[in-house]
Amino acid sequence: MTRDEHDDDPSRFDAQAATIASATILLHPGPAAIVALGGGEALCNAQGEPLRPLFSPEAADSLMPVIRSALETGVPQQKVVDVGRDGLPAQFDLTILPTAEPGRVVVIGRDVTLERTLRKALTDSRQRYKDFVDLSIDFTWETGPDGRFVFISPDGALGYAARDLVGALPWTLMDITDAQSGATVFNSPVRVKDVDIWVRRRDGTLACLKTSSMPVFDADGEWSGGRGVCHDITEQRDRDKALARALNRQRVVANVERTFRDEIDPSNMLNVAAEALARSVGGEGCLIYRAALDDGPDRPFLPRGRFGEGGDEKVVLTLEALGEGAHAQTTPDGKWTVLIAASRYRRQINGAVVLWRRIERGAWSEDDHLLIVDVANQIGSANEQIGQHDRIISMSRTDGLTGLLNRRAFFDDMDRRLKGPPGLVERRAGEDGARRSERPARSALLYIDLDNFKWVNDAHGHLRGDEALMTVRKILTDHTRATDIVARLGGDEFAIWLEGADAEAASAKAAEILAEDALLRPFDGSPDRPLSLSIGLAIHDPASGEGVEDLTARADMAMYAAKHGGKGRFSLSPPPPHTPT
């Protein structure tokens with residue numbers, strides 16, 4: 001029988017087809033198998049053995065539906081399957097080919113485990129990189145050869161949509177003060193790392209961008225643009241600035257506190273604090289006011305600490321004007337801007353802090369307002385401490401009843417005046433009236449004792465006696481000047497230091513005081529024992545070198561001479577021996 005004679009024999013053809021298919025799967029380098037739709041054992045090569053479980057109709061991931069589709073349509077089918085191989089997961093890309101033998105297909109596979117693993121790893125890596133970039137930066141960009149944006153992150157930047165920025169020149173976004181930095185970053189021929197640039201958002205507000213970039217070169221090595229990333233660090237910069245300002249305020253306040261702690265002289269504390277505050281805010285001057293010692297809402301505010309020139313004429317302080325916090329005002333002439341804050345102790349205003357500078361130097365900032373309030377709070381406590389110190393000093397120097405200087409304070413002040421340089425000059429004409437000589441002026445000590453004061457207390461009581469002493473105080477203070485010193489030495493003894501008074505002036509002053517005896521009449525103990533004053537005068541000549549004790553002794557002796565002469569009069573002590581004329 002020839003080949004042609006057997007071509008129409010179906011059994012002969014099926015056998016040949018089966019033989020060819022079997023040879024094909026055996027020779028195929030990858031997994032391969034012949035599978036019958038009706039069941040039975042599949043014929044698999046060695047690489048195709050891991051596929052055998054998929055050919056069972058009972059398998060959950062059976063290939064039978066795909067095989068049936070290939071047989072019904074006569075069209076090859078493809079399927080990627082996951083199987084186990086050598087205890088490890090593997091992936092195969094299968095092609096199911098219908099054969100000429102009814103109900104049978106050839107399954108040819110390709111191991112794509114490594115390819116799929118690499119592709120998934122690459123996809124995961126790209127997604128991971130994208131996630132990291134999105135988390136670490138706000139937007140990415142790329143510029144072309146003309147310096148314009150050719151790419152912006154899809155989410156856009158600075159309030160702009162990406163399409164609004166593509167084609168734009170980067171430096172059109174720059175703040176005018178930072179345009180040069182922007183040009184350098186976006187067109188740099190070298191890598192740029194973490195450069196801060198200031199740009200304006202779409203709403204006009206400023207933003208600080210930390211920017212890094214790298215150049216892009218074409219195939220010929222020519223620069224063709226740049227790529228970069230930007231991270232908006234405006235909030236961080238604002239926090240840094242706020243922290244720096246807070247630290248500066250803390251430093252200034254600490255400096256003021258240290259001044260109060262280290263300065264021995266209370267009178268100088270506020271001067272040093274005024275200088276520290278003025279210098280810290282760029283002020284040209286500072287005044288620190290402290291309320292007067294006397295109580296009451298209307299007590300005056302007096303400048304006690306000063307730095308710089310002027311200041312008193314720049315502000316009018318009232319309790320109503322101080323209010324809460326700090327406030328600024330401009331002087332009527334428009335040349336100065338003034339910042340004022342009240343100082344308080346236990347919520348009560350006890351002073352104020354005033355800063356000033358020329359108006360062309362700009363308005364006071366919010367930090368300046370906060371700083372002056374912080375310092376004013378410290379100064380409020382210092383004012384109270386200084387006030388308490390002054391009260392103690394005042395109490396130690398004054399008489400409790402009359403408020404005049406006491407004995408110790410009077411003689412201390414008198415001693416300082418005797419030892420210090422003379423404040424006045426006495427001019428004396430020569431005999432011919434043409435030539436004149438000058439020498440330090442003389443002063444006078446008036447030693448005053450009340451006559452018959454005991455009878456006032458006996459007749460009217462000690463309270464009436466105190467009223468008499470207060471009346472004497474009024475008489476003495478009404479007839480003295482601010483440059484004089486008035487004291488109650490104790491009991492019914494008083495003293496006056498008349499600055500720059502010679503014998504003639506001192507005698508006239510004593511006569512004025514004695515002429516006020518009518519004010520003492522209501523206090524007389526009896527008609528024959530009237531309340532009066534006996535005054536002893538002693539003139540001090542600076543050229544004599546006479547000390548306080550000798551001068552006081554002379555005045556005391558003169559006072560007793562007045563008493564012995566009939567009371568209610570004055571007596572002038574003769575000059576000490578060897579006194580120049």
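Because the structure is a prediction, the values reported are computed rather than measured. Atoms considered below: every heavy atom in the structure, side chains included; atoms not considered: hydrogens, waters and symmetry mates.
A donor-acceptor pair under 3.5 Å is formed between the side chain of Arg473 and the backbone N or O of Thr402. Using a distance-only test at 3.5 Å, with no hydrogens or angles considered, a donor-acceptor pair links the side chain of Ser443 to the main chain of Gly500. For the pair Thr172 (side chain) and Ala168 (backbone), a donor-acceptor distance under 3.5 Å is absent. Side-chain N or O atoms of Thr398 include none that pairs as donor or acceptor with a backbone N or O of Gly403 at under 3.5 Å. Panel note: side chain Arg344, backbone Gln348; no donor-acceptor pair is recorded below 3.5 Å. In terms of modelled atom types and a separation under 3.5 Å, the side chain of Arg163 and the main chain of Val166 share no donor-acceptor contact.
Counting only heavy atoms from C-beta outward, the side chains of Asn248 and Arg251 approach each other to under 4.5 Å. Using a 4.5 Å cut-off on side-chain heavy atoms (C-beta onward), Phe411 and Met414 make contact. For the pair Leu209 and Asp196, the minimum side-chain heavy-atom distance is 4.5 Å or more. The shortest distance between side-chain heavy atoms of Trp171 and Asn187 falls below 4.5 Å. Proximity of Leu445 to Thr552: side-chain heavy atoms (C-beta onward) are separated by under 4.5 Å at one or more points. No side-chain heavy atom of Arg249 sits less than 4.5 Å from a side-chain heavy atom of Val375. At least one side-chain heavy atom of Ile197 sits under 4.5 Å from a side-chain heavy atom of Val195.
Separation of atoms OG1 (Thr211) and CH2 (Trp141) is listed at 7.5 Å; rounding is to 0.5 Å. Distance check, rounded to the nearest 0.5 Å: CG of Leu537 to CG of Leu446 gives 4.0 Å. Interatomic distance, Leu206 CG to Met174 CE, rounded to the nearest 0.5 Å: 11.0 Å. For the atom pair Thr234 OG1 and Arg201 CZ, the distance stands at 4.5 Å (nearest 0.5 Å). One finds the OG1 atom of Thr331 at 7.0 Å from the CD1 atom of Ile359 (value rounded to the nearest 0.5 Å). Residue Leu355 holds its CG atom at 9.5 Å from CG of Leu287, rounded to the nearest 0.5 Å.
Ion pairing between a basic and an acidic side chain is recognised when a charged N comes within 4.0 Å of a carboxylate O; Arg357 and Asp368 show such pairing. A salt bridge is absent between Lys474 and Glu516; no separation between the charged side-chain nitrogens and carboxylate oxygens falls under 4.0 Å. Using a 4.0 Å cut-off between charged side-chain N and carboxylate O, Asp164 and Arg202 make a salt bridge. Taking a cutoff of 4.0 Å between a charged side-chain nitrogen and a carboxylate oxygen, Asp146 and Arg148 qualify as a salt bridge. Between Arg358 and Glu284 there is a salt bridge, with a side-chain nitrogen of the basic residue lying less than 4.0 Å from a carboxylate oxygen of the acidic one. Using a cutoff of 4.0 Å between basic side-chain nitrogens and carboxylate oxygens, Lys419 and Asp415 are scored as salt-bridged. Ion pairing between a basic and an acidic side chain is recognised when a charged N comes within 4.0 Å of a carboxylate O; Arg554 and Glu546 show such pairing. With respect to Glu493 and Arg407, a salt bridge is recorded, a charged nitrogen being found less than 4.0 Å from a carboxylate O. We find that Asp238 and Lys241 are not joined by a salt bridge, their nearest charged nitrogen and carboxylate oxygen being 4.0 Å or further apart. Between Lys210 and Asp232 there is no salt bridge, since none of the side-chain N atoms of the basic residue sits less than 4.0 Å from a carboxylate O of the acidic one. The existence of a salt bridge linking Glu499 and Arg481 is excluded, since no basic side-chain nitrogen approaches an acidic carboxylate oxygen closer than 4.0 Å.
Ser153 and Thr140 share a donor-acceptor pair across their side chains, judged by distance under 3.5 Å alone. Neither side chain, Trp356 nor Thr337, offers a donor N or O lying under 3.5 Å from an acceptor on the other. Side chains of Asn350 and Ser343: a donor-acceptor N/O pair is present below 3.5 angstrom, by distance only.
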Step by step, would you call Phe307 with Arg279 a side-chain contact (heavy atoms from CB on, under 4.5 Å)?
CA-CA 9 Å; Phe307 173 74; Arg279 292 189 184 279; 3.7 Å; yes
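Between Trp497 and His540, the ring planes lie tilted relative to each other; the angle falls in the 30° to 60° range.
The two residues Ser188 and Trp223 come nearest to each other via the heavy atoms O-NE1, 3.7 Å.
Note: Phe149 and Phe186 meet the aromatic proximity criterion, with ring centroids under 6.0 Å apart.
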